[in-house]
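What you see below is based on every heavy atom in this structure, not just the backbone, and it leaves out hydrogens, waters and symmetry mates.
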2 protein chains.
Amino acid sequence: MERGLGGDLEEKYVMVTFQAGIDYWKTALKGFEDAANSLNVSVEYRGATHYDVHEQITVLEQVIARKPDGIAISAIDPEKITATINKAADSGIPVVLFDSGAPGSKASSFVGTDNYNAGVIGAEKLADLIGRKGKIGIISLPHQHNHQERIKGFQETITRKFPQIEVAGIKDGKGNELVSKQAALELLEEHPDIKGIFVTEANGGVGTGNAILSSKIKDKVEIVSFDADKETLDMIKDGTISATLAQGTWNMGYWSLQYLFHLKHNLTASSKLNIASTPPLPPKVDTGVTVVTKENVGDFYAR
Amino acid sequence: MERGLGGDLEEKYVMVTFQAGIDYWKTALKGFEDAANSLNVSVEYRGATHYDVHEQITVLEQVIARKPDGIAISAIDPEKITATINKAADSGIPVVLFDSGAPGSKASSFVGTDNYNAGVIGAEKLADLIGRKGKIGIISLPHQHNHQERIKGFQETITRKFPQIEVAGIKDGKGNELVSKQAALELLEEHPDIKGIFVTEANGGVGTGNAILSSKIKDKVEIVSFDADKETLDMIKDGTISATLAQGTWNMGYWSLQYLFHLKHNLTASSKLNIASTPPLPPKVDTGVTVVTKENVGDFYAR
């Protein structure tokens with residue numbers, strides 16, 4: 001190849017997460033590395049060890065001090081981390097957000113799941129599973145923005161496309177397995193004829209699965225959950241959970257690196273058109289979800 | 001450069017539009033060409049001459065017959081063109097949609113304006129212009145999906161963020177300058193204290209501008225319009241229209257070509273992870289809008 005898009009290995013792009021050791025980030029990092037290999041540049045992985053915004057701010061400060069060629073960060077807290085993100089951007093370091101955004105910041109783009117669309121897909125899947133009629137429930141974190149969006153996409157789709165389905169109740173599972181189990185048991189007690197439950201995060205999905213396993217409900221209750229951690233996949237495999245929505249983490253990492261490379265090399269709309277006020281990159285990228293069921297669950301253990 | 005991302009000039013990617021001669025597509029094509037230059041591949045521009053779905057189907061059939069390496073198409077009609085898009089996808093030709101989508105089709109991605117988000121930005125701009133309180137109106141195409149989304153984003157933002165603003169009326173401008181002028185005059189007659197109007201497409205914006213110019217209203221009525229054709233820019237320049245939302249057409253073209261290249265070369269999530277059920281690319285990319293006012297209008301004439 002004589003021409004093409006590429007940098008050199010001295011160029012370094014850094015991915016910054018929180019709870020840096022969990023499996024969830026592995027596929028995002030693989031996407032980041034795959035893009036770096038394609039473009040012939042280097043990457044580094046950093047992150048707060050815990051779920052602690054102050055620790056993430058410290059890590060980000062350290063990364064900024066070393067003047068990398070770009071930073072992709074998943075924001076633990078959209079407000080508290082914004083000043084540090086802006087510090088990076090103001091010092092000329094390209095910054096994009098992935099997975100968990102910070103809408104008020106100066107980062108150039110957000111690459112992650114469109115939670116509203118994920119809710120739409122969850123509604124379509126659950127509707128199909130229950131034969132497009134009957135009562136359903138939702139277990140979520142109704143006070144957290146990304147979960148509100150999932151609920152909104154879900155409910156608006158049910159209303160618009162499935163008039164014979166009724167959302168009988170929404171419970172707060174607090175992102176906790178035991179609280180969610182209790183919430184699911186209450187839902188089943190209040191509505192013994194419930195045919196399906198949409199759960200907007202993984203701990204709640206497992207808790208809901210345990211509720212069904214421990215209850216005396218005889219009719220099948222279909223669960224559609226979120227994310228693809230091992231416990232969820234095990235419950236897909238044994239049929240307790242019917243489907244889960246796996247996020248497009250490889251695409252988050254891959255396109256974050258591409259975007260940082262494009263910012264670094266001035267291959268953006270604002271540069272190419274010479275219009276400073278134009279967004280340099282697409283401001284928002286929906287990396288989509290995959291519906292994981294018994295049929296394709298095997299593929300997801302490998303990740 | 002020894003390594004990097006690139007193809008060869010024998011590789012051909014085709015952009016397909018409708019009303020192929022209008023200025024609107026020029027910047028999208030420039031983005032498509034810029035990406036092709038970066039990646040060392042070739043492009044071709046084709047399109048229906050008129051606003052005619054049958055002509056676009058014929059053009060697309062001709063393009064498919066020549067087996068290009070990828071097709072980026074802006075769908076004139078999301079339903080009628082779907083079978084032909086699927087024919088391309090089924091024959092193994094990478095296809096992405098840009099600007100105007102076809103949600104039911106087998107195209108791998110849609111790269112274009114998120115109309116809901118554009119409505120959010122329109123609401124914030126109009127709210128600022130009128131000092132965050134008072135009556136406003138909307139002139140739109142309330143029966144067309146992309147315009148419904150713009151209205152929804154606009155109205156939900158007003159409700160959530162600007163409690164002192166009241167949306168007094170929504171009129172159908174039918175995408176026509178004269179009908180929109182008449183609609184604006186009616187709006188002003190019914191609500192003489194109106195302080196701002198959001199118009200969701202360009203002909204309506206110019207019609208609304210003409211309504212204000214011809215009316216005897218003394219107080220300033222702020223107009224926020226859509227798109228950046230010459231007539232709209234002229235009205236921005238002379239102050240008749242306060243702001244307009246220019247779409248990110250360069251990014252539509254640039255990232256469409258990148259996506260087609262990635263599909264062609266199997267540089268996608270489904271290939272790299274070997275999971276057939278995973279979306280290969282981000283299913284939806286919001287290319288954003290630029291708020292054009294007197295301050296930056298000069299930059300947009302150049303396009």
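Ranked by heavy-atom pairs under 4.5 Å with chain A, the list B:His262, B:Gln258, B:Glu295 is led by B:His262. Comparing A:Asn274, A:Val291, A:Asn296, A:Thr268 by how many heavy-atom pairs each has under 4.5 Å with chain B, the most go to A:Thr268. Annotation: maximal heavy-atom pairing with chain A below 4.5 Å, among B:Asn251, B:Asp34, B:Thr287, occurs at B:Asn251. Of the listed residues (B:Ser277, B:Ala276, B:Gly288), the greatest number of heavy-atom pairs within a distance under 4.5 Å of chain A belongs to B:Ser277. For chain A, the option among B:Asn37, B:Asp8, B:Asn117 with the highest count of heavy-atom pairs below 4.5 Å is B:Asn37. Heavy-atom pairs under 4.5 Å with chain B peak, among A:Lys272, A:Met252, A:Lys30, at A:Lys272.
Residues B:Trp255 and A:Pro282 come closest through the heavy atom pair NE1-CD, 3.5 Å. Listed here is the closest heavy atom pair of A:Tyr13 and A:Leu257: CB-CD2, 3.5 Å.
The aromatic rings of A:Phe98 and A:Trp25 lie perpendicular to each other, with more than 60° between the two planes, well past the 30° mark.
In summary, B:Glu222 and B:Lys125 do not engage in a salt bridge, as defined by a charged side-chain N under 4.0 Å from a carboxylate O.
With a 4.5 Å cut-off on non-hydrogen atoms, A:Val292 does not touch chain B at all. When heavy atoms are compared at a cutoff of 4.5 Å, A:Tyr116 approaches chain B solely by way of its side chain, counted from C-beta outward. Residue B:Ser109: no heavy atom, backbone or side chain, is found under 4.5 Å from chain A. For B:Val41, no part lies near chain A; criterion is any non-hydrogen pair under 4.5 Å.
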Would you sort out whether B:Phe198 and B:Val167 count as a side chain to side chain contact (heavy atoms under 4.5 Å, CB included), showing the intermediate values? CA-CA 10 Å; B:Phe198 178 50; B:Val167 178; over 6 Å; no
When you look at A:Ser74 and A:Ser100, which way does the side-chain hydrogen bond (donor to acceptor under 3.5 Å, both in side chains) test go after all the steps? CA-CA 5 Å; A:Ser74 179; A:Ser100 180; 4.6 Å; no
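For the atom pair A:Asp286 CG and B:Asp286 CG, the distance stands at 10.5 Å (nearest 0.5 Å).
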